[in-house]
Visitor: 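Input: one structure, supplied below.
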Amino acid sequence: MMDAKMLNKISSAPGFIAALDQSGGSTPGALRLYGVSESDYQGDEEMFRLVHAMRVRIMSAPAFTGDKVIGAILFERTMDGDVEGQPVPSYLWEKRGVVPFLKVDKGLEAEQNGVQLMKAMPDLDALLIRGREKGMFGTKMRSVIGHADKGGIAAVVKQQFEVARQIIGQGLMPIVEPEVSIKSPTKAEAEAILRDEIAAQLDKLPAGETVMLKLTIPTVADFYAPLVAHKSVVRVVALSGGYSTADACEKLSHNHGMIASFSRALAENLRVSMSDAEFNASLAKTIDAIYAASVNKA
């Protein structure tokens, strides 16, 4: 059974979801942006220790509270870690009022038919049970769409919803994330196919089963309004997709009913060399900007 207070917060509270879920493949890039080069550490364990320290610094900053940050997506290692001596999921919810989600996908297959499907997840049920026991509310899983290929996009959405139903079966809320690359030469056409495929899958969900959607900010403002309004959708969140914070916020501000779930755009102005005062002030400014774009629509 989903936690009713967490569900209420995620479904209706103003604010946005922070994406703190860089994994093995994307962590070096996240650390580089933070000012930590690959020559500063040796091996994966040290790399993950450094990125966890960055995440702890974000999660424990004064501005990182449920007043504006209603949820946070975590990498598995972050879920298993501590903040100030407390397990991360309980720290986020009990101390910060932030609803915790877990990234569950294992990365992407090679591109085929213009898309990248998710790799197989044979141990998903065990991970979902462990996440639920640790107090996680939901999950997130990402596929990537590079071109407006109807067959490829249909395959992405079908896979996403098959896994979503497995997640629902374990009592967790799935965030379905079929990302359309912002570099796609056929981005708008891909979004049109994607919207129809998602709507068709939503219509097939049994009564009472719901999902969240995490989508690239569309080329046409409010293009995903029918999905926002769908009875089986708890909330639609937007990924920043490589846009700068300013660009992502400006584009998001024109999409009613969508809130942010930014990763790179959340942390782009943070540096390891900053004093705590500088770090906290920079993060607070970014949180304010993302919150405003999520809540105050043009």
Side-chain angles (χ1 to χ4, degrees), residues 1-3 6-7 10 17-30 43-52 55-56 59 71-83 86-93 99-112 115-145 152 155-179 201 204-206 209-214 234 237 239 261 263:
M1 181 70 76
M2 287 180 193
D3 184 294
M6 290 187 184
L7 178 59
I10 285 300
I17 296 175
L20 305 175
D21 59 326
Q22 295 91 352
S23 55
S26 54
T27 295
D44 285 354
E45 286 305 314
E46 194 171 354
M47 175 184 76
F48 285 123
R49 182 183 62 77
L50 288 167
V51 81
H52 184 68
R55 289 167 179 156
V56 167
M59 291 184 288
I73 303 169
L74 309 177
F75 177 44
E76 184 179 348
R77 281 177 176 252
T78 310
M79 175 185 76
D80 291 336
D82 292 343
V83 183
Q86 185 172 353
V88 170
S90 62
Y91 173 86
L92 284 172
W93 181 238
V99 177
F101 292 80
L102 174 64
K103 168 189 157 68
V104 294
D105 68 82
K106 300 300 180 186
L108 301 168
E109 298 282 9
E111 184 173 315
Q112 191 171 0
V115 303
Q116 289 179 274
L117 294 168
M118 296 181 289
K119 290 181 177 177
M121 294 174 263
D123 302 321
L124 179 59
D125 276 326
L127 178 60
L128 296 174
I129 292 167
R130 195 159 64 83
R132 192 179 66 224
E133 289 173 346
K134 285 178 173 281
M136 305 301 285
F137 171 75
T139 66
K140 189 213 80 162
M141 53 199 172
R142 172 177 171 263
S143 315
V144 173
I145 296 165
V156 159
V157 177
K158 181 173 183 286
Q159 183 192 41
Q160 282 275 347
F161 275 82
E162 285 174 350
V163 179
R165 296 209 61 205
Q166 184 178 353
I167 292 161
I168 292 168
Q170 290 291 355
L172 295 166
M173 174 65 68
I175 299 178
V176 169
E177 184 185 11
E179 174 182 350
Q201 290 291 338
K204 293 178 186 176
L205 285 178
E209 292 194 4
T210 55
V211 301
M212 294 172 63
L213 302 174
K214 182 167 178 174
V234 169
V237 303
L239 58 98
S261 178
S263 173

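Just so it is clear, the structure is predicted and the values come from calculations on it, not from any experiment. When reading the values below, keep in mind they use all heavy atoms of this one structure, side chains included, and skip hydrogens, waters and symmetry mates.
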Visitor: Identify the two heavy atoms, one from Glu179 and one from Arg142, that lie closest to each other, and give their separation to 0.1 Å.
Guide: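 Where Glu179 meets Arg142 most closely, the heavy atoms are OE1-NE, 2.7 Å.
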Visitor: Restricting to pairs with a member in residues 157-176, which pass ring-ring contact (aromatic ring centres under 6.0 Å, His included), not counting sequence neighbours?
Guide: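 Matches after skipping sequence neighbours: none remain.
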Visitor: Under the side-chain contact (heavy atoms from CB on, under 4.5 Å) rule, what do Val211 and Ile168 come out as? Steps first, then yes or no, please.
Guide: CA-CA 8 Å; Val211 301; Ile168 292 168; 4.1 Å; yes
Visitor: If you compare all heavy atoms of Trp93 against all heavy atoms of Val99, which two are closest, and at what distance to 0.1 Å?
Guide: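 It is CZ3-CG2, 3.5 Å.
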Visitor: Output yes when Glu46 and Arg49 qualify as a salt bridge under the 4.0 Å nitrogen-oxygen rule, no when they do not.
Guide: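 Yes, charged N to carboxylate O under 4.0 Å.
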Visitor: On a heavy-atom basis, which atom in Leu20 and which in Arg55 lie closest, and how many Å separate them?
Guide: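 Minimum heavy-atom contact is O-NE, 3.1 Å.
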Visitor: Keeping the roles fixed (side chain from Lys134, backbone from Pro89), state whether a donor-acceptor pair exists under 3.5 Å.
Guide: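 Not a single qualifying donor-acceptor pair exists.
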Visitor: Hey, what do you get for CE (Met47) to OG1 (Thr27), rounding to the nearest 0.5 Å?
Guide: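 One gets 4.5 Å once the value is rounded to the nearest 0.5 Å.
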Visitor: As a test of understanding, state which of Gln166, Arg165, Lys158 forms a side-chain hydrogen bond (donor to acceptor under 3.5 Å, both in side chains) with Glu162.
Guide: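 The option that passes is Lys158.
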Visitor: Indicate the atoms forming the closest heavy-atom contact of Met173 with Val234, along with that distance.
Guide: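 So the minimum-distance heavy-atom pair works out to CE-CG2, 3.5 Å.
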Visitor: Side chain to side chain contact (heavy atoms under 4.5 Å, CB included) with Lys140: which of Val176, Ile175, Leu74, Val237?
Guide: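 The passing option is Ile175.
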Visitor: Using modelled atom types only, decide if a donor and an acceptor are shared between the side chain of Glu111 and the backbone of Val144 within a distance under 3.5 Å.
Guide: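 A pair under 3.5 Å: no.
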Visitor: Name the one of Val88, Thr78, Leu92 that satisfies side chain to side chain contact (heavy atoms under 4.5 Å, CB included) with Val83?
Guide: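 In the set Val88, Thr78, Leu92, the residue that makes a side chain to side chain contact (heavy atoms under 4.5 Å, CB included) with Val83 is Val88.
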Visitor: Is a side-chain donor or acceptor of Asp21 paired with a backbone partner of Ile73 at a separation under 3.5 angstrom?
Guide: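 Absent.
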Visitor: Determine, for Asp80 against Arg130, whether the closest basic-nitrogen to carboxylate-oxygen distance falls under 4.0 angstrom.
Guide: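 Answer for the salt bridge query: yes.
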Visitor: Please find the pair of heavy atoms, one from Glu109 and one from Ala120, that lie closest to each other, and give the distance.
Guide: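 Shortest heavy-atom separation between Glu109 and Ala120 comes out as OE2-N, 4.3 Å.
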Visitor: Salt-bridge test for Glu45 and Arg77: reply yes if a basic N is under 4.0 Å from a carboxylate O, no otherwise.
Guide: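 A salt bridge is present here (some side-chain N lies under 4.0 Å from a carboxylate O).
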